[in-house]
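Read the structure below first, then the notes.
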Amino acid sequence: MSKELENIFKEKFENFEAKPSSDLFDKIQSKRNKKRGGWIWTAAAFVLISSATVGGFVYFNSELQDSDHTETVKVLTEPEMQNVEKSTSLPHPDEISQSDSETDQMVPSYIDLNSDNQKLNNGQTVSNKNDRVHSNTDPSISLTNDTNAEVQSRGENTKIVNQKLADLYKAIVAKEQAEKVRRSKTNSSSTKGNVIEVDHSNKNNIENHTDIAVINADRIEDNTDSQNDLDAETNENNVPLPIHKLVKLSKWSIELTAGAGYADRLLSGESSYITLRNESETPQISYMADLRAVYELSPKWNVQLGLNALRRNESFEYKLPNTTVTKERQETRTETVIHPVLGSYEREYTVTITETKEVEGETVTADNTFTFVNIPLAFERNLISRNNLTLTARAGVSAGIFSSANGYFLVSIADIAELNENEHKTWGIHTVNLGLGALYTVSDRLTLVAYPQINFGLNSSFADQYILTQKHVSALGTIGIRVRL
Amino acid sequence: MKPTKDRSKSDPLNEEQLIEGCKRNDVHCQKLLYEKYATKMMGVSLRYCNSKMEAEDVLQDAFIKIFNKIKTFKGEGSFEGWVRKVVVFTALKSNDKRVKKFEPSNLDNAPEQTFNSQAISKMETDSLLKILNKLPDGYKTVFNLYAIEGYSHKEIGEMLGVTEVTSRTQYSRAKKQLVKLLAKYGIDR
């Protein structure tokens with residue numbers, strides 16, 4: 001089949017025109033105006049939803065805090081105390097046996113200081129890095145002068161995380177013990193306060209009880225030697241213990257990390273073109289910085305929201321194909337002609353000389369850089385904790401934009417074009433982030449963080465008009481700090 | 001290379017000025033540019049789509065891209081060529097026209113049919129368009145890109161994500177199918 005058919009169609013359709021609807025331009029303008037503000041609404045919606053999610057957790061967790069997350073000791077008024085006494089079936093202080101040997105070194109074992117609701121039953125110890133205070137409630141062991149070393153020497157896995165809180169607790173316990181001794185000696189109840197003491201015979205009730213300890217030490221008279229163990233702010237005039245000064249740590253933290261690794265792109269489309277692109281572009285070390293807020297949902301889970309910037313580097317090198325340059329020149333020559341009549345004479349003539357020359361293709365090199373800013377939302381779970389070291393896993397998504405793209409890329413085998421961030425989507429690039437981290441707790445507030453992570457692009461970063469798709473992948477190692485507020 | 005200058009006497013502004021105005025987001029310049037190219041690009045769009053409504057959607061999306069991306073036009077090559085390219089790409093993307101992988105076809109071994117070129121030349125373009133739109137989408141796309149737009153089979157392969165060989169095969173089948181359709185409508189020897 002000759003080229004006739006093609007030529008006919010080309011001729012007919014090359015300048016073929018048709019009239020679109022008269023209001024099409026208005027539709028174009030209204031859609032453009034709507035789109036321009038679109039990314040702002042998407043970003044605003046994302047921030048709003050994230051804030052509502054985190055805020056909801058904060059709100060609901062703060063409501064539940066008093067009942068299941070006992071970081072503070074609550075001070076009740078007398079009526080509240082009476083209600084607690086009734087509901088727990090605990091004996092009134094006045095009813096307690098005065099010479100009960102089992103109560104001599106009694107401790108308020110229903111004080112639940114563990115956010116996992118592990119009960120501090122007699123002899124049971126708790127080991128958890130999230131505990132603010134660990135207590136050994138073995139009634140046979142005095143708590144007043146125990147140190148970590150002494151506790152550990154007994155083979156118990158106990159660690160006092162918050163020394164101040166532990167000291168205060170010990171002071172409270174010592175005061176109770178002193179009061180017990182005093183009562184047993186004087187055979188009278190001189191306290192006007194409502195100190196709730198627990199008989200071991202009521203142990204079963206205590207174990208089932210999960211409320212916060214109630215201690216009102218507004219009038220405790222202390223005549224014993226254990227006065228030395230009292231909090232420094234108390235004095236011989238029975239000034240109340242400063243329970244309200246217990247240290248409370250926030251559930252919020254700020255994490256700042258930075259790192260490096262390899263970031264690349266996965267192209268899909270025509271295979272020979274992709275081969276060409278992969279041969280001309282080589283990933284180089286890329287860098288990342290991350291700032292995020294971390295909110296502790298529970299001792300094992302937290303949620304994170306922040307800002308992340310990735311600088312992807314790659315080197316571009318391509319040798320353009322050789323080209324052939326053709327040059328024509330005219331040359332005048334003369335020749336001798338022998339004519340039978342005219343004899344010999346000289347005749348001039350012109351020849352065209354074509355010279356071809358192969359020109360070697362130029363090698364083009366460049367450093368390509370891409371800057372990608374995104375907002376990550378992630379959940380982190382503590383996997384294993386040993387002493388100060390915790391292994392965690394993190395998973396999340398992020399939405400981002402390309403803020404810049406510089407360098408060169410191959411359009412075709414002999415065509416190099418300049419990179420332009422306009423070819424990339426300016427917003428709406430989504431990524432999945434996965435990481436396994438190691439956290440080292442330096443103090444209550446400071447944690448060192450090391451987080452290797454991988455990130456996968458979920459959609460193409462190229463603008464819609466391009467059929468070729470490009471998704472980003474990266475593997476990076478980051479280190480930084482997490483500071484509890 | 002600077003863009004070719006179209007000094008149409010009916011336009012108070014020449015093309016270069018219109019482009020600069022569009023880069024500044026001047027609505028008036030955008031409207032003039034639209035009016036200059038809309039009818040021709042509608043013709044391009046109609047060749048890739050199956051209905052006028054579909055073609056208008058493609059044209060609308062294409063012009064949105066043109067106005068949004070006009071800053072990337074560096075003046076290398078003709079502006080009309082750039083606009084046409086955007087329209088073609090938009091049509092291909094929106095309809096997700098993928099040429100199928102090589103499939104056995106009863107046209108491959110069919111003898112070449114003859115056709116009356118004079119009769120075809122006298123046909124109205126609208127009628128030819130109707131016949132063209134009767135081709136399967138894959139054939140129509142490759143035929144449009146090769147025969148009318150002038151892309152090579154290698155370029156078509158890159159655009160559609162297929163090999164050069166597939167593009168050639170599809171084009172060959174498209175021509176045979178077209179001749180069959182022309183014969184069906186009485187345009188033959």
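Worth saying up front: this structure is predicted, and the values here are computed from it rather than measured. Lettering follows sequence order; numbering is per chain, from 1.
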Fill in: Segment of Phe143(B) engaging chain A (4.5 angstrom heavy-atom cut-off)
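Contact with chain A: side chain only.
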Discussion item. Need one label for Leu128(B): side chain, backbone, both or neither, based on atoms under 4.5 Å from any heavy atom in chain A.
Written reply: both
Item to complete: Show your reasoning for whether side-chain contact (heavy atoms from CB on, under 4.5 Å) applies to Leu132(B) and Phe9(A).
Response: CA-CA 10 Å; Leu132(B) 186 67; Phe9(A) 272 83; 4.2 Å; yes
Work out which heavy atom in [X] is nearest to a heavy atom in [Y]; give both atom names and the distance.
{"X": "Gln60(B)", "Y": "Leu24(A)", "answer": "OE1-CD1, 3.8 Å"}
{"X": "Lys12(A)", "Y": "Thr125(B)", "answer": "O-CG2, 3.6 Å"}
{"X": "Tyr34(B)", "Y": "Pro20(A)", "answer": "OH-CG, 3.6 Å"}
{"X": "Gln30(B)", "Y": "Gln29(A)", "answer": "OE1-NE2, 3.0 Å"}

Worksheet item: Should we count NZ of Lys319(A) as having more than 12 external heavy atoms under 6.0 Å?
Response: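 Count over threshold, so yes.
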Item to complete: Could you check if a side-chain atom of Asn25(B) sits within less than 4.5 angstrom of a side-chain atom of Arg32(A), using non-hydrogen atoms only?
Response: yes
Practice prompt. Find the distance between CG (Leu129(B)) and CZ (Phe13(A)) and round it off to the nearest 0.5 Å.
Written response: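 If we round to the nearest 0.5 Å, Leu129(B):CG and Phe13(A):CZ are 5.0 Å apart.
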Item to complete: State the CZ-CD distance between Phe25(A) and Glu35(B), to the nearest 0.5 angstrom.
Response: 8.0 Å
Worksheet item: Step by step, would you call Ile148(B) with Glu14(A) a side-chain contact (heavy atoms from CB on, under 4.5 Å)?
Response: CA-CA 7 Å; Ile148(B) 302 171; Glu14(A) 205 170 16; 5.5 Å; no
Fill in: Short N-O contact, Lys175(B) and Glu6(A), less than 4.0 angstrom
yes
Worksheet entry | Glu56(B) side chain to Ser21(A) backbone, donor-acceptor under 3.5 Å | yes
Practice prompt. Applying side-chain contact (heavy atoms from CB on, under 4.5 Å) between Ile28(A) and each of Asp61(B), Leu59(B), Ile64(B), report the one that passes.
Written response: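 The option that passes is Ile64(B).
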